[in-house]
Amino acid sequence: MSEQIVHILAFESSCDDTSVAVVRARPTDQIPELLAWSVQSQFDVHSKFGGVVPELASRSHLMNLLPCLEKVLSESKCPLSEIDAFAATHRPGLIGCLLIGHTAAKTLSFLFQKPLLSCHHIESHLMSVALDGDPKFPFLAAVVSGGHTSLFILESWDEIREVGVTLDDALGEAFDKGAKLLGFGFQGGAAIDAAAKNGREDRIPFGKVNVPEFNFSFSGLKSELQRAVQRKPDGVSPEDFAASFQRALLDHLFQKMQRALESFQLKRIAIVGGVARNSLLRQRLENWKERGVIEDWYAPRPELCTDNAAMVGVKAFRKWKRNEVSTLADDVHSTSRPAVARRPR
Ligand code: KG4
Ligand code: ZN
């Protein structure tokens with residue numbers, strides 16, 4: 001390791017995005033600087049099947065990983081010999097997919113005799129807000145992605161507590177299922193977001209979701225949408241369906257976020273994960289800020305909301321600082337648990 005600067009090379013391949021990044025920091029820094037990152041989406045591979053096909057996803061990671069790696073090494077001007085640690089997502093995700101990025105990191109770690117840092121995908125998403133801002137602790141964080149929906153409290157970058165989780169579908173999954181029902185295609189969260197701008201959100205009534213504490217349930221809203229679509233109500237456009245459904249999903253999210261803010265006496269919120277790109281979600285947080293409900297809110301730039309290795313680089317640096325190094329015997333896991341670090345307040 002050079003004396004002053006630490007370089008970490010990070011891989012993300014837990015689902016259908018292949019991503020590589022190089023971050024750099026002084027050992028005393030809290031958060032590293034992003035030197036270069038690259039992502040290769042597999043949208044075209046899976047869209048014709050209407051969902052991610054695990055076998056095709058693993059093969060695509062194999063094809064995409066080396067071109068992504070070459071790109072970031074060249075853009076960062078940091079040769080492999082100057083990398084001080086190698087990092088990759090090791091859970092949760094599709095096993096065949098996780099294995100590609102994790103094996104790449106392991107192999108490089110072995111070859112260059114540098115530490116291996118295995119990172120939790122959700123913890124990495126939480127770190128993504130650090131790439132584009134300097135959030136003030138403590139804050140509530142909503143991970144809202146295609147595969148996960150949870151609420152966390154962050155006391156610091158390393159003190160993270162999960163306080164709520166979805167009991168069925170993830171928020172992004174609900175957007176995607178709704179988009180499919182409305183004929184908007186694969187991973188249609190962004191299409192619902194766009195269509196909703198031209199629709200009326202009061203055209204289709206949705207019931208209030210009732211689940212305990214800070215947990216979520218989105219699958220009932222999807223069933224309500226399905227029934228409404230089947231009824232074919234007169235004069236209701238696809239845009240009206242999109243706007244009404246999006247409002248119902250976000251109402252549920254905001255109801256739980258408000259409850260958590262009040263219960264834990266928090267004044268700031270971060271949103272991360274693919275759904276954090278949603279324009280109405282961002283607008284409603286801005287409205288909360290203007291009305292003084294919250295002091296501030298944080299989100300990464302849209303392209304760092306979805307899966308990427310830059311966030312893995314941040315998590316890896318936090319692990320490097322704490323000497324939480326993995327051994328080459330470390331494995332990949334499909335499940336999220338044992339979960340994100342839970343520490344008493
Ligand atoms: O974070 P991500 O790559 O998924 C997981 O790691 O699981 O996010 C993908 C998800 C998809 O469900 C996609 O429909 C959703 O993010 N998404 C959106 C928007 N852009 C992406 N959902 C709502 N509004 C958007 N603008
Ligand atoms: Zn993700």
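Numbering of ligands and ligand atoms starts at 1, following listing order. Predicted model, so just to flag it, every value in this text is computed and none were measured.
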Inset, instruction - Return yes when Q246 approaches ligand 1 closer than 4.0 angstrom through a heavy atom, no otherwise. - result: no
Inset, instruction - Report yes if the side chains of I269 and W288 come closer than 4.5 Å at any heavy-atom pair, otherwise no. - result: yes
Legend entry - Between H252 and F218, ring centroids under 6.0 Å: yes
Inset, instruction - Around atom 22 (N) of ligand 1, find the nearest protein heavy atom and jot down its residue, atom name and distance. - result: G189 CA, 3.5 Å
Inset, instruction - Decide, counting backbone as well as side-chain atoms, whether C15 has an N, O or S atom less than 2.8 Å from the Zn ion (ligand 2). - result: no
Inset, instruction - Look at the N, O or S atoms of H121, main chain and side chain alike, and state whether any lies under 2.8 Å from the Zn ion (ligand 2). - result: yes
Legend entry - Numbered atoms of ligand 1 (with element) below 4.0 Å of H121, judged on heavy atoms: 6 (O)
Inset, instruction - Would you mind checking which non-hydrogen protein atom is closest to atom 24 (N) of ligand 1, with the distance to 0.1 Å? - result: N278 ND2, 3.0 Å
Legend entry - Any donor-acceptor pair under 3.5 Å from K319 side chain to E324 backbone: no
Legend entry - From K315 atom NZ to S118 atom OG, the distance as rounded to the nearest 0.5 Å: 12.0 Å
Inset, instruction - Report the nearest protein non-hydrogen atom to atom 6 (O) of ligand 1: residue, atom name, distance rounded to 0.1 Å. - result: D307 OD1, 2.7 Å
Inset, instruction - With heavy atoms of G147 as the reference, note each atom of ligand 1 found under 4.0 Å away. - result: 5 (C), 7 (O)
Inset, instruction - State whether the number of non-hydrogen atoms from other residues, nucleotides or ligands found under 6.0 Å of R59 atom CZ is greater than 12. - result: no
Legend entry - Opening angle between NE2 in H125 and OD1 in D307, taken at the Zn ion (ligand 2), to 10 degrees: 90°
Legend entry - Test item: side-chain donor near acceptor, D168 and S217, under 3.5 Å: yes
Legend entry - E201/R247 ion pair, N-O < 4.0 Å: yes
Inset, instruction - Can you measure from CE (M257) to CD1 (I271) and round to the nearest 0.5 angstrom? - result: 7.5 Å
Inset, instruction - Just jot down the ligand 1 atoms closer than 4.0 angstrom to any heavy atom of G172, in number order. - result: 12 (O)
Inset, instruction - Describe, in one word, how the ring planes of H46 and F186 are oriented to each other, choosing from parallel (under 30°), tilted (30 to 60°) and perpendicular (over 60°). - result: tilted
Legend entry - Distance from atom 4 (O) of ligand 1 to nearest protein heavy atom, with residue and atom: G146 N, 3.1 Å
Inset, instruction - Determine, using heavy atoms of A190 and all atoms of ligand 1, whether some pair is separated by less than 4.0 Å. - result: yes
Inset, instruction - Pull out every atom of ligand 1 sitting under 4.0 Å from any heavy atom of H125, numbered as shown with elements. - result: 1 (O), 6 (O)
Inset, instruction - Report the distance from atom CD1 of I192 to atom CG of L249, rounding to the nearest 0.5 Å. - result: 7.5 Å
Inset, instruction - Specify the protein heavy atom at minimum distance from atom 1 (O) of ligand 1: its residue, its atom name, and the distance to 0.1 Å. - result: G274 N, 3.0 Å
Inset, instruction - Heavy-atom distances under 4.0 Å are what count here, so tell me which part of D193 touches ligand 1: side chain, backbone, both or neither. - result: side chain
Inset, instruction - Tell me which protein heavy atom sits closest to atom 11 (C) of ligand 1, plus the residue, atom name and distance to 0.1 Å. - result: D176 OD2, 3.5 Å
